[in-house]
Structures are given as structure tokens and as C-alpha cells.
Amino acid sequence: MGNCGTREENAVVAAHAQVQQLHLSQHPAKNAIAGRKHTHISSDISNPSTPRKIEDAKNISIYNDVIAFTFFELETITKSFRADYVLGEGGFGTVYKGYIDENVRVGLKSLPVAVKVLNRDGHQGHREWLTEINFLGQLRHPNLVKLIGYCCEDDHRLLVYEFMFRGSLEKHLFRNTTPLPWGTRMSIALGAARGLACLHNAQRPVIFRDFKTSNILLDSDYTAKLSDFGLAKAGPEGDETHVSTRVMGTYGYAAPEYVMTGHLTTRSDVYSFGVVLLELLTGRKSIDKSRPSREQSLVDWALPKLNDKRRLLQIIDPKLQGQYSVRAAHKACILAFYCLSHNPKSRPIISDVVETLEPLQGSGSSDGSSQSSDLPDYRARRRLTGNSVHFRAIPHRKCSPAVPVCRVR
Ligand SMILES: Nc1ncnc2c1ncn2[C@@H]1O[C@H](COP(=O)(O)OP(=O)(O)OP(=O)(O)O)[C@@H](O)[C@H]1O
Ligand SMILES: [Mg+2]
């Protein structure tokens, strides 16, 4: 049994308190989600109230294992941020490959890393940088990207992560010519769900808020890990049922109630998970302007089919060439359908998602009889029949038994 236990819960709460304390400037509310890939707040590095170094905020002590790098060290390992070291670019800035070892600093373990450099002209600012350190610096889980360190020197803000050998799921699904096999897709879905479960099952849940294929990174063995905690939020406390926030996230993935009202719950992440699951099942992007207008929004195109047993399999990625278990595909489609429920309360909790995906592992056969084991009886009956099924709220498991650790160091 994993142990997302008291230490982590306290740490997450502590992190939240610090994020609150350290959220430095008031940003005007803005709802800029529609029609944009990223929604961002502007950088506040120039704000004089911004701590110039993380030590200023007196929170360094809780990040014992997170290394404070100097800018010179990170400049050295990326060969002065050379163009051929670029791994990718996002809303935060450019990501470079690097390698740390004893030559960089005595005592450092040899390790390939990814160095994310805050773009000073970019939309995401110090606030996201700090949120990322606060959450990711304390969480350790096999399905969360490990934060190795950071740099906060003058106006430089950088983050150093474990290097994820195969890059993003987005690249593998939409840019690589070799299609991901069915079994790999199901194991990625499960890994990503376990990463979310670790966050949601903390005593004070952490809402990821930007769950999408580009934020799911893949290790050499295709283990899925969540990255980018810049928009993460500590969940509701006490009698609250949601957190009201400025709408941030990515168009095509954000839950409808969040886009419309700014009300954020862990079920908003479950909706985004449903979108990613649909992308895995169909090989289509959540928003694809190159398709005919009826098909541009993946959810709008797929939902009517997901609700019709006879048409359900029409959505499965043709690139799989039938190499999947029909039965497992049915179950995964129905899971996506419930995750995408308009009513957040009709969506499963993430532990339910994990439990549903676990038996679908190893279901790569094209034989309709499927090698995968069934869903637990009560689930199979309730999920595969009827239109108004609600997922049972199962007792909170801090982490799935199959997940070895979920803890704060
Ligand atoms: N730890 C890592 N290991 C390997 N590659 C990485 C790592 N982190 C990021 N990358 C690469 O850098 C790219 C950009 O990542 P980044 O998170 O900055 O942007 P994004 O996810 O595409 O967009 P957004 O800013 O909306 O999150 C990723 O798609 C991935 O290819
Ligand atoms: Mg990202």
C-alpha cells in the first residue's frame, strides 16, 4: 500500500499555505481560455515585492532534496543554452537537455536532466515557477516527474527535472509516424490516472488543472509521469465544495463548469482525463482545426458515439488496425463517457478511474474475447448498462496498492 500519509498531507497543506503567502502580486481576473492554447498571467519578476531568491521566503528548509543550482551551473550543463540542446518550448519558456555530475558540483549524482528556463517576456511568471517548486518539490510518486532543482538568481528563474527519455505523449500520439500500440496506450492512461490519484487523494486534494497530453511525459519504458504543476491548486477545505479561481488551463481540455463559472474541483481534472483518454482511444487531438467543422471538437464528435454501443468502436484509432481487445475498448470508451459527463457529480472519482483501468492492462489482443480480466462485478454491471449510471464513491485510498510510493521526503 502506498503511503500518501500524514507527512505528505501536511506538506501539501504547508505548501499551499506558502503558495498563498508567496503569491505576491494581485493579478486582474481574466478569463482568457477561449480560443487560446495557453492562458497565463504575466510575469511578476519586475515586481519589487517578489522574493529575489527562494531563500528570501524562508521555505528552503522543506526542500531538502531539491538542489539550488547557480545560473552558471545550468549555463554550463546546457552549453550556454545551445539551440541543439532544446527539447521543446511551452508557455513557460524553453526546455533544454543537460547532464549533471561530479564535474558540475562535487557530490552530485550523474543524471540526465531537463532544464526549463522562464521566458522573461512570457505569460507564465514567477508565481507559476514558485507553485511548481512548492508542489512538485515535495511530492514523490512514480507517476509524477521528479523536480531535481531550481535556480533563482537575479531575474533568472529555472527548473531542473529528471529527464524523460521519450518526451511528451502529445509527440507520440500526434507527431510520431509509428503509432503507439493499444497496450502502451492503456498503460499510459493508467499511469497518468495514478499520478492524478496521488494528488487528489491527499487529505487536502491538489487539483492539477492543466491535464493534457503535452503535460504527460514518457520515460524510456513508456511510464507516464505528470509534469507542469505551475497551475496546480490546493483543493477545497472544510465545508467548501470547490475553489473559485481565475480560469486557467488549456482550451479543449478544461471542464465546462470550470470554463463557465471558474468553480474548480478534482472532478475538473477527471473531465480533462476523459479528454486525454479519448485522444488515446481515437488518435485525434482535442481540438483540430484541420478537420471538418463537425469534427473539430473531439468531445462533441465522440460523445454521441460513446453513448451508443453499436457505434462505440467507430471512434477507435484506425492506425491501430484492429490490434486491440474489443471488450477492453468498450470499457475504456464507457469510462471516457462518464469522465466527460456534463454534471461533475456524475463523473467518477479518480480512484474509480484507476480501478477501472487496472484490469484493462495487457489487453492488446484483437480477439474480441479479450484476455483482460473483468471489471469488478458491481462496476461492470453498473457501468455497462443504463444511461444514468453514477460511479460509486469508493473509500479513499491514498494510493493504489500497485503504486509503491506516494510520499514527501
Ligand atoms: N522532464 C522533461 N524531460 C524531457 N523532455 C521534457 C521535459 N520537460 C519538458 N520536456 C519537453 O519540452 C516540451 C515543452 O514542455 P513545456 O511543459 O514547457 O510546454 P508544453 O507542455 O508543451 O506547454 P505548456 O506550457 O502549456 O505546458 C515538452 O513537450 C517536452 O517535449
Ligand atoms: Mg507542459
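Each ligand, and each atom within it, is numbered from 1 in the order the structure gives.
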S.K.: Between Tyr251 and Ser286, is any side-chain donor less than 3.5 angstrom from a side-chain acceptor?
M.R.: no
S.K.: Keeping to distances under 2.8 Å, can you name the protein N/O/S atoms close to the Mg ion (ligand 2)?
M.R.: Asn215 OD1, Asp228 OD2
S.K.: Less than 3.5 Å between some nitrogen or oxygen of Asp228 and one of ligand 1, yes or no?
M.R.: yes
S.K.: Listed by chain and number, what are the ring pair (Phe, Tyr, Trp, His ring centres under 6.0 Å) partners of Phe211, not counting sequence neighbours?
M.R.: Phe273
S.K.: Going by the atom numbers of ligand 1, which of them fall below 4.0 Å from some non-hydrogen atom of Asn215?
M.R.: 21 (O), 27 (O)
S.K.: For the residue pair Thr250 / Asp210, report whether a side-chain donor-acceptor contact shorter than 3.5 Å exists.
M.R.: yes
S.K.: Under 3.5 Å between some N or O of ligand 1 and some N or O of Thr250?
M.R.: no
S.K.: Is there at least one pair of N or O atoms, one from Ser227 and one from ligand 1, spaced under 3.5 Å apart?
M.R.: no
S.K.: Salt-bridged, Asp288 to Lys285, with N to O below 4.0 Å?
M.R.: no
S.K.: At less than 4.0 angstrom from any non-hydrogen atom of Ser168, what atoms of ligand 1 do you find?
M.R.: 29 (O)
S.K.: Hey, what's the ring geometry for Tyr150 with Trp129, parallel, tilted or perpendicular (30° and 60° as the breaks)?
M.R.: perpendicular
S.K.: Using every non-hydrogen atom in the two residues, find where Asn201 and Ser351 come nearest and quote the distance to one decimal.
M.R.: ND2-OG, 3.3 Å
S.K.: Examine the proximity of ligand 1 to Leu217 and report which part, side chain or backbone, both or neither, has a heavy atom under 4.0 Å away.
M.R.: side chain
S.K.: State if Lys116 counts as touching ligand 1 under the rule of any non-hydrogen atom under 4.0 Å.
M.R.: yes
S.K.: Sequence neighbours left out, what passes ring pair (Phe, Tyr, Trp, His ring centres under 6.0 Å) with Tyr161? Give chain and number order.
M.R.: none
S.K.: Would you say Lys212 touches ligand 1, if touching means a heavy atom closer than 4.0 Å?
M.R.: yes
S.K.: I'd like to check which ligand 1 atoms, numbered from 1 as shown, lie under 4.0 Å from a non-hydrogen atom of Phe163.
M.R.: 3 (N), 4 (C)
S.K.: Please verify whether a non-hydrogen atom of Lys97 lies at under 4.0 Å from ligand 1.
M.R.: no
S.K.: Is Arg105 close enough and on-axis enough to Phe69, meaning under 6.0 Å and within 45°, for cation-pi?
M.R.: yes
S.K.: Within ligand 1, which atoms have a heavy atom of Tyr161 less than 4.0 Å away?
M.R.: 1 (N)
S.K.: Any chance the side chains of Thr223 and Asp221 put a donor and an acceptor closer than 3.5 Å?
M.R.: yes
S.K.: Atoms of ligand 1 less than 4.0 Å from Ala114 heavy atoms?
M.R.: 1 (N), 2 (C), 3 (N), 7 (C)
S.K.: Mind running side chain to side chain contact (heavy atoms under 4.5 Å, CB included) on Leu169 and Leu180 for me, showing each step along the way?
M.R.: CA-CA 10 Å; Leu169 172 59; Leu180 284 172; 3.8 Å; yes
S.K.: Which atoms of ligand 1 have any heavy atom of Leu87 under 4.0 Å away?
M.R.: 4 (C), 5 (N), 31 (O)
S.K.: By the salt bridge (charged side-chain N to carboxylate O under 4.0 Å, His left out) test, which pairs, at least two apart or in different chains, include something from residues 170-181?
M.R.: Glu170-Arg175
S.K.: Using a strict cut-off of less than 4.0 Å between a Lys/Arg side-chain nitrogen and an Asp/Glu carboxylate oxygen, indicate whether Asp317 and Arg185 qualify as a salt bridge.
M.R.: yes
